[in-house]
Amino acid sequence: MCARFHLARLATLLTLLLAVVPISAQQLAKRLILKDGSYQLAVKYEVKGDRVRYLSAERGEWEEVPKSMVDWEATEKLEKDRVNGAPPPEAIQLDKASEAERKAEEAKTPLVAPGLRLSEYSSVALLDNYQGQPQLVELEQSGGDINSNKKNNILRAAINPLASAKQTIELQGSHAKVQAHAALPAIYVNVQPPDQGAATNQPQQAEQPWDRFKIVRAQVAKDNKRVVGAIKIAVYGKVSQQQNLIPTTAEQLTGGWVKVTPKQPLEPGEYAVAEMLGKEGMNLYVWDFGVNPSAPPNMQVTTPEASATTDATPQKVPELSKRPK
């Protein structure tokens with residue numbers, strides 16, 4: 001019984017050794033580079049007349065190739081480089097592939113300041129400057145109320161034209177959570193449509209113009225609310241909209257991003273980034289912010305020294321235009 005046990009252990013050890021030997025041989029193998037660009041991994045090789053005999057590091061057997069097929073200059077150069085500690089070709093190819101992948105990823109996230117890029121997880125971000133340091137702050141969507149809390153696009157709202165000749169679009173609270181310290185903040189909007197997958201039953205929406213995002217000035221009301229627009233209703237039922245739009249410039253960037261910048265410095269106060277939907281009116285879900293040079297620092301900002309926000313957990317990218325049913 002004991003003899004069989006020891007024999008079994010010996011057989012297992014021999015199997016493991018045989019499995020390790022080819023791996024070690026491949027790690028120490030030389031390369032016989034052939035003129036067609038391929039190569040053979042050889043533990044060792046020797047020239048016999050017009051033939052080259054080598055011990056294959058992959059198959060563990062002696063094999064031969066014609067001497068005329070070997071690129072001796074490339075073979076000897078590679079061996080000298082290896083002796084001198086030069087990186088192997090696989091490492092060089094891996095570095096090239098990694099560099100290409102890095103550049104492709106950077107093309108999706110534009111550089112907005114030295115050492116500061118937009119995040120792939122961001123949807124709408126504001127470029128601020130706090131105490132001389134550029135900072136990116138994520139803007140969150142806020143739903144506007146039409147008096148009786150009907151959240152919808154302006155011209156789709158169910159409004160009784162006889163009830164009032166004018167209704168306001170309001171945001172809760174007298175101040176936005178994000179306050180810009182710079183008078184000329186740049187707004188970056190990711191207009192790239194979310195991946196819907198290969199198969200979907202959802203009807204395809206009409207393509208919207210890329211420069212449909214505007215900055216709206218909000219008026220602070222007495223009842224702790226901010227008015228971002230108004231609806232005028234004629235007696236015959238025609239509905240029109242009004243917003244205090246700030247003159248801006250829009251610029252297309254790589255990766256589906258659009259940069260929206262005020263043409264003039266913004267006065268201290270409350271603002272919002274609004275999506276204009278043409279004849280359908282303004283989307284009531286807006287991205288609100290304020291301008292206040294003396295405001296305290298914003299939370300969860302991205303700085304040139306940090307590769308992520310202070311909350312390092314990636315969040316799911318929200319839909320760019322939330323439009324409730």
Side-chain angles (χ1 to χ4, degrees), residues 1-112 114-121 192 195-199 252-257 304-308 312 314 317:
M1 182 73 177
C2 291
R4 290 181 180 177
F5 176 75
H6 288 301
L7 286 173
R9 288 190 61 185
L10 182 59
T12 303
L13 288 173
L14 287 173
T15 302
L16 291 174
L17 286 172
L18 289 173
V20 171
V21 168
I23 298 174
S24 301
Q26 290 186 37
Q27 291 175 344
L28 300 175
K30 303 176 182 180
R31 290 192 183 204
L32 272 175
I33 301 178
L34 305 183
K35 292 181 178 179
D36 63 359
S38 63
Y39 62 87
Q40 294 292 337
L41 289 176
V43 178
K44 58 181 179 179
Y45 61 86
E46 55 188 13
V47 179
K48 295 269 187 177
D50 61 349
R51 311 286 293 181
V52 178
R53 188 168 178 264
Y54 64 93
L55 178 59
S56 173
E58 298 174 294
R59 293 170 290 278
E61 298 178 355
W62 284 95
E63 300 176 359
E64 292 183 355
V65 294
K67 180 181 176 182
S68 59
M69 290 181 58
V70 179
D71 187 338
W72 291 106
E73 184 178 353
T75 300
E76 291 171 3
K77 182 181 182 303
L78 182 64
E79 183 62 22
K80 287 180 181 178
D81 289 343
R82 190 179 73 162
V83 172
N84 294 330
E90 290 90 346
I92 297 174
Q93 287 297 111
L94 183 60
D95 288 343
K96 289 181 179 179
S98 299
E99 179 67 12
E101 183 178 353
R102 182 185 65 81
K103 289 183 178 180
E105 287 299 318
E106 287 182 352
K108 300 178 184 177
T109 55
L111 186 71
V112 298
L116 187 58
R117 288 188 177 276
L118 294 167
S119 169
E120 61 179 315
Y121 301 105
Q192 194 75 26
D195 187 8
Q196 299 291 339
Q252 280 186 298
L253 306 178
T254 59
W257 289 88
E305 291 78 16
S307 59
V317 180

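Being a predicted model, the structure only gives us computed values, none of them experimental.
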Specify the closest pair of heavy atoms between [X] and [Y], including all atoms of both residues, with the distance to one decimal.
X: Pro114; Y: Pro304; result: O-CB, 3.6 Å
X: Lys67; Y: Trp72; result: O-NE1, 3.5 Å
X: Ala74; Y: Ile33; result: O-CD1, 3.7 Å
X: Trp257; Y: Ser119; result: CZ2-O, 3.6 Å

Atom pair [atom1] ([X]) and [atom2] ([Y]), whose distance is rounded to the nearest 0.5 Å:
X: Met69; Y: Leu32; atom1: CE; atom2: CG; answer: 10.5 Å
X: Thr75; Y: Lys35; atom1: OG1; atom2: NZ; answer: 10.5 Å
X: Leu116; Y: Thr109; atom1: CG; atom2: OG1; answer: 10.5 Å
X: Lys30; Y: Tyr45; atom1: NZ; atom2: OH; answer: 5.5 Å
X: Glu63; Y: Arg51; atom1: CD; atom2: CZ; answer: 11.5 Å

Problem - Close side-chain approach of Leu34 and Asp71, heavy atoms under 4.5 Å - result: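 Counting from C-beta outward, Leu34 and Asp71 never come under 4.5 Å.
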
